Amino acid sequence: MRIANLSGRLVLVTDNGAVDVEKASNGKFGPDPSTVYRDWAAFAAWAESASLPAGEPFDQASLGTPVPEPAQVFAIGLNYRGHAIEAGLDFPVEPPVFTKFRSSLAGPVGDLALPGDTVDWEAELVVVIGREARNVAAEDAWQYVAGLTLGQDYSERTRQLVPPAPQFSLGKSFPGFAPVGPVVVSLDELDDPADLEIGCSVNGEQVQKARTGDLIFSVPVLIERLSAVLPLLPGDLIFTGTPSGVGGGQNPQRFLSPGDEVVTWAEGIGELRQRCVPGTPHTTASA
């Protein structure tokens, strides 16, 4: 199944359009896109057996982030070897973890307000947790996944890397810096959920392209490592890391400007599209 947030309501996306879940289930499941992950097993069973009505056409611009209120958002750094190399850093022996604060979440299509002149792009596969995971072994980890979606880990590099202690979470959490969507895709919809093509273009020029099978720490290993420290909760998001091709890794470096359009895609999931616009300027104390 393909789950979406259409104008704040939970829908299933079919070949014909969007099916309102509350109406199709006769109220068994409510309209809130966030609550379904807390009752994932029952929802998945209903969706598999339900006779759904014909979907209705919808405007992509009306889609919100499909998981609007995750309890926790995890993000992983340096999870592709090419990205670690372009960053001039060693390959990690444990996943480097930070967060993107929930207020940075946005829908799949819209404007991206630039708070500075060093905003960078990072295409990422995003995991949605479907049931509480604690001390889960990697070989069992897919059982805890509701589905996969797509995200952009936009990053204001100046704020992110301000010395002496880098502020990854703040530099990556300006409003709109975490667009997610367009849908959450259940694992049975994908030929191989462990190996999907992912990429990104800026103004039509491809800047990133890779396969998620190249992750240093696979989705199951990430769940194993994270759940060994703390419980992963239904609806939690894991941004799994970005491949090489970010603007900060180019020579000369290249960052986003007003008027730029960023399109991000993932095989079997869909695409995100942001148009860059001027934002409220942000400066650091050292700037």
Side-chain angles (χ1 to χ4, degrees), residues 1-73 102 105-110 125-133 141-152 178-194 196 219 223 232-239 264-274:
M1 57 185 153
R2 305 171 73 82
I3 302 164
N5 170 359
L6 181 60
S7 300
R9 293 186 64 87
L10 175 67
V11 299
L12 290 175
V13 177
T14 70
D15 292 339
N16 297 320
V19 175
D20 186 279
V21 168
E22 183 183 36
K23 296 175 182 177
S25 69
N26 293 316
K28 180 178 176 67
F29 301 99
D32 186 348
S34 296
T35 59
V36 67
Y37 301 101
R38 300 180 208 130
D39 198 15
W40 181 254
F43 178 74
W46 168 80
E48 184 177 6
S49 61
S51 296
L52 297 176
E56 298 182 1
F58 64 93
D59 184 353
Q60 292 279 333
S62 297
L63 291 176
T65 179
V67 190
E69 295 183 356
Q72 304 176 107
V73 180
R102 199 168 77 182
L105 289 169
V109 178
L125 181 74
V126 178
V127 178
V128 184
I129 297 297
R131 61 189 177 108
E132 183 170 334
W142 282 115
Q143 301 173 35
Y144 293 80
V145 176
L148 300 176
T149 188
L150 175 64
Q152 255 289 350
V180 172
V183 293
V184 174
V185 181
S186 59
L187 301 182
D188 59 336
E189 289 267 339
L190 302 165
D191 291 337
D192 185 356
L196 304 175
V219 169
I223 291 173
L232 306 182
L233 305 176
D236 281 357
L237 301 179
I238 305 174
F239 282 69
T264 310
W265 69 88
E267 177 185 352
I269 298 174
E271 69 175 32
L272 312 175
R273 188 179 297 267
Q274 282 76 48

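The model shown is predicted, which means the values in this text are computed figures rather than measured ones. Each residue takes its place number in the sequence, starting with 1.
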Output the distance between atom [atom1] ([X]) and atom [atom2] ([Y]), rounded to the nearest 0.5 Å.
X	Y	atom1	atom2	value
Leu237	Gln72	CG	CD	10.5 Å
Gln60	Leu6	CD	CG	9.5 Å
Glu189	Ile269	CD	CD1	11.0 Å
Leu150	Leu125	CG	CG	7.5 Å
Glu267	Asp191	CD	CG	7.5 Å
Gln152	Thr264	CD	OG1	3.5 Å

With heavy-atom distances below 4.5 Å as the criterion, would you say the side chains of [X] and [Y] are in contact?
X	Y	answer
Leu105	Pro68	no
Ile3	Pro66	no
Val126	Val67	no
Val183	Thr149	no
Ile129	Ile238	yes
Leu148	Leu187	yes

For [X] versus [Y], what's the shortest heavy-atom pair and its separation?
X	Y	value
Pro179	Gly107	CB-O, 3.4 Å
Phe43	Met1	CE2-SD, 3.7 Å
Leu10	Gly30	CD2-O, 4.0 Å
Ala24	Pro53	CB-CD, 4.1 Å
Ala4	Val13	CB-CG2, 3.7 Å
Leu12	Ala47	CD1-CB, 4.3 Å

- Message: Counting only heavy atoms not in Glu132 (residues, nucleotides, ligands), do more than 12 fall under 6.0 Å from its CD?
- Response: yes

- Query: Should we count CG of Asp15 as having more than 12 external heavy atoms under 6.0 Å?
  - Reply: no

- Task: Consider only side-chain N and O atoms of Asn16 and Thr14, and report whether a donor and an acceptor are under 3.5 Å apart.
- Result: no

- Item | Qualifying residue for ring-ring contact (aromatic ring centres under 6.0 Å, His included) with Phe29, from Trp46, Tyr37, Trp40 | Trp46

- Verify, without hydrogens or angle tests, whether Glu22 (side chain) and Lys28 (backbone) share a donor-acceptor contact under 3.5 angstrom. no

- Message: Quick one: does any side-chain atom of Arg102 pair with a main-chain N or O of Pro70 as donor and acceptor, under 3.5 Å?
- Response: yes

